[in-house]
Amino acid sequence: MNDQTWAGIRQRVEALAARPDSTEVFGALGHRFLLDEPLTAQDLSELQAQMGVELP
């Protein structure tokens, strides 16, 4: 996956949530299209250390 894949993802999710048929999307009633804020650099470093991986 590259940066282009994630470009505009928040806007695409918001657009999907605004559609009249959005509740028909699998899991929509559970997640309600809510996204957390992006991780800070420090949070990302801590996550990578905990998981023992380096994310792209």
If I compare all heavy atoms of P38 with all of R10, which pair ends up nearest, and what's the gap?
CD-NH2, 3.7 Å
Spell out, as yes or no, whether a donor-acceptor pair under 3.5 Å connects the side chain of S22 to the backbone of A18.
no
Can you measure from CG (D21) to CG (L16) and round to the nearest 0.5 angstrom?
8.0 Å
Within this structure, what is the CD-OG distance for the pair E54 and S45, rounded to the nearest 0.5 Å?
9.5 Å
Between Q48 (side chain only) and L55 (backbone N and O only), is there a donor and an acceptor less than 3.5 Å apart?
yes
Shared hydrophobic cluster, L44 / I9 (ILVMFWY, side-chain heavy atoms < 4.5 Å)
no
We want to know whether Q42 and E46 form a side-chain donor-acceptor pair, criterion being a heavy-atom distance below 3.5 angstrom.
yes
Of all heavy-atom pairs linking L39 and L47, the shortest is CD1-CD2, 4.0 Å
Taking all non-hydrogen atoms of both residues, which atom of V13 and which atom of F33 are closest, and how far apart?
CG1-O, 3.7 Å
